[in-house]
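Below is one structure, written out as structure tokens, with a few remarks after it.
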Amino acid sequence: MNESNTIRRSPRRTRRPALASTRQSRRQNRRTKALQRFIGSCLALVGLLLALSHWPTRSPLPEQSQITSELPPLVMPGGDPYVRALMRTISASESNDASPYTVLYGGQHISDFTEHPDLCIKIVNGPNKGNCTTAAGRYQFLTTTWAEKARLYHPNSTRFLFWETYSFEPQYQDEVVYTWLRDPQAWGVDIPALLRAGEINPVLELLSGTWTSLGYGIEDNQMTGALPEIYQKLLQEELEAERASRHTEARPIMHWSDWNLLSQQLGQESIQGSF
């Protein structure tokens, strides 16, 4: 009896370590899965909070913009007066509004500039009637165009985990357009040189593929026909402002992209001079 009992009990003693190890492994797996679920929930919560923080707000203003003859100055300081006048001319037709940096297509306004508002608003007239547009800001940037050009020309992006955003603040709207217009590789020509040569009409024609209300596109409006005259008036304002700045400061303000262009030219000259 004692011998048979010993034989029956011995397997139980050999199973106990295996059972204990299995239980411990299961507990560890449950802890790991619980930790993974917790981390996943935290990341989802962070993503939700980030999305909510970027959600734009709109004020209940009239559906149609009020045409204004007063074209606000640029928020961006300094820069080429010819390009500055062109930028104001573009906005005279594209976003003619007393608060151009906040205006959406149709006349509603935003108050959150964290990033492009990305609101698709139904088009009520013109060749694209019935579609919707995300046009926003002084230069009526579409969401996709803003993302593309901000990636190239925005001076101050914000990165969070896997997201990269670009502030839509008024100065940055100006900065992106200013640097874009001065990039000869983007347009195939030197736009500032054309403006200095008095070639405003060829420039407006060139830009009409991007801003379609400039006289050579598909969406003319009340301002389109007067744009060359508007440009000349704004150019005189910008040139006078530049002259005034020279009298009040030791030297006129240069835009950061002008410094970059100048440094590149000097660098190329130094390289050529070394051969």
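Under the 3.5 Å distance criterion, with hydrogens and angles disregarded, no donor-acceptor pair is assigned to the side chains of Tyr166 and Asn156. There is no side-chain donor-acceptor pair under 3.5 Å between Asp118 and Thr134. If you check the side chains of Ser95 and Gln140, you find no donor sitting under 3.5 Å from an acceptor.
Heavy atoms only, all atoms of each residue included: Val124 and Tyr105 are closest at N-OH, 3.1 Å. Annotation for Gly79 and Arg84: closest pair O-CD, 4.0 Å, computed over non-hydrogen atoms. Nearest approach of Ala85 to Glu238, heavy atoms of both residues: N-CG, 3.9 Å. Residues Leu181 and Trp211 approach most closely at CD2-CZ3, 4.2 Å, considering heavy atoms. A pairwise comparison of heavy atoms in Thr133 and Ala135 identifies OG1-N, 3.1 Å as the closest pair. Here the closest non-hydrogen pair linking Asn221 and Met223 is OD1-N, 2.9 Å.
Within the 4.5 Å cutoff, side-chain heavy atoms of Leu86 are placed close to those of Leu207. With contacts defined as side-chain heavy-atom distances shorter than 4.5 Å, the pair Leu71/Leu234 qualifies. In this structure, Pro192 and Arg182 have side chains that are in contact, with non-hydrogen atoms separated by less than 4.5 Å. At least one side-chain heavy atom of Tyr139 sits less than 4.5 Å from a side-chain heavy atom of Asp174. Taking 4.5 Å as the limit, every side-chain heavy atom of Tyr101 sits out of range of all side-chain heavy atoms of Tyr172. For the pair Asn201 and Pro228, the minimum side-chain heavy-atom distance is below 4.5 Å.
To the nearest 0.5 angstrom, Thr165 atom OG1 is 5.5 Å from Glu115 atom CD. For the atom pair OH (Tyr153) and OH (Tyr178), the distance works out to 13.5 Å, reported to the nearest 0.5 Å. Residue Leu235 holds its CG atom at 8.5 Å from OG1 of Thr89, rounded to the nearest 0.5 Å. Summarising the geometry, atom CG belonging to Asp183 is positioned 8.5 Å from atom NZ belonging to Lys149; distances are rounded to the nearest 0.5 Å. Atom CG of Asn128 is separated from atom CD1 of Ile218 by 5.0 Å, given to the nearest 0.5 angstrom. Separation of atoms CG (Leu204) and CD (Glu199) is listed at 11.0 Å; rounding is to 0.5 Å.
Between the side chain of Ser93 and the backbone N or O of Ile90 there is no donor-acceptor pair closer than 3.5 Å. A donor-acceptor pair under 3.5 Å is absent between the side-chain atoms of Glu242 and the main chain of Pro81, judged by distance alone. Using a distance-only test at 3.5 Å, with no hydrogens or angles considered, no donor-acceptor pair links the side chain of Asp97 to the main chain of Val103. At least one donor-acceptor pair under 3.5 Å links the side chain of Trp187 to the backbone N or O of Trp180. Remark: side-chain polar atoms of Asn131 are not paired, donor with acceptor, to backbone N or O of Lys122 under 3.5 angstrom. Formation of a donor-acceptor pair under 3.5 Å by the Thr212 side chain with backbone atoms of Ser208 is not found in this model. Judged purely by atom type and a 3.5 angstrom limit, Asn96 uses its side chain to pair as donor or acceptor with the backbone of Ala92.
With hydrophobic clusters built from ILVMFWY side chains whose heavy atoms lie under 4.5 angstrom apart, Leu119 does not share a cluster with Leu142.
The existence of a salt bridge linking Arg88 and Glu237 is confirmed by a sub-4.0 Å separation between a basic side-chain nitrogen and an acidic carboxylate oxygen. Arg196 and Asp80 are joined by a salt bridge, as a carboxylate oxygen and a charged side-chain nitrogen come within less than 4.0 angstrom of each other. The residues Lys233 and Glu229 are annotated as not salt-bridged, no charged nitrogen and carboxylate oxygen being separated by less than 4.0 angstrom.
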Show your working on side-chain hydrogen bond (donor to acceptor under 3.5 Å, both in side chains) between Glu164 and Ser157 and close with a plain yes or no.
-> CA-CA 7 Å; Glu164 188 168 20; Ser157 63; 3.0 Å; yes
Can you list the steps and then say if Ile191 with Leu206 is a side-chain contact (heavy atoms from CB on, under 4.5 Å)?
-> CA-CA 9 Å; Ile191 288 179; Leu206 174 66; 4.1 Å; yes
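Ring pair Phe141/Phe168 is perpendicular by interplanar angle, where above 60° counts as perpendicular and below 30° as parallel. Ring geometry for His154 against Trp146 counts as perpendicular: the plane angle is over 60°, on a 0 to 90° scale with 30° as the lower cut.
For the pairing with Val75, the side chain to side chain contact (heavy atoms under 4.5 Å, CB included) check across Gln171, Glu169, Arg138, Glu175 returns one residue only, Gln171.
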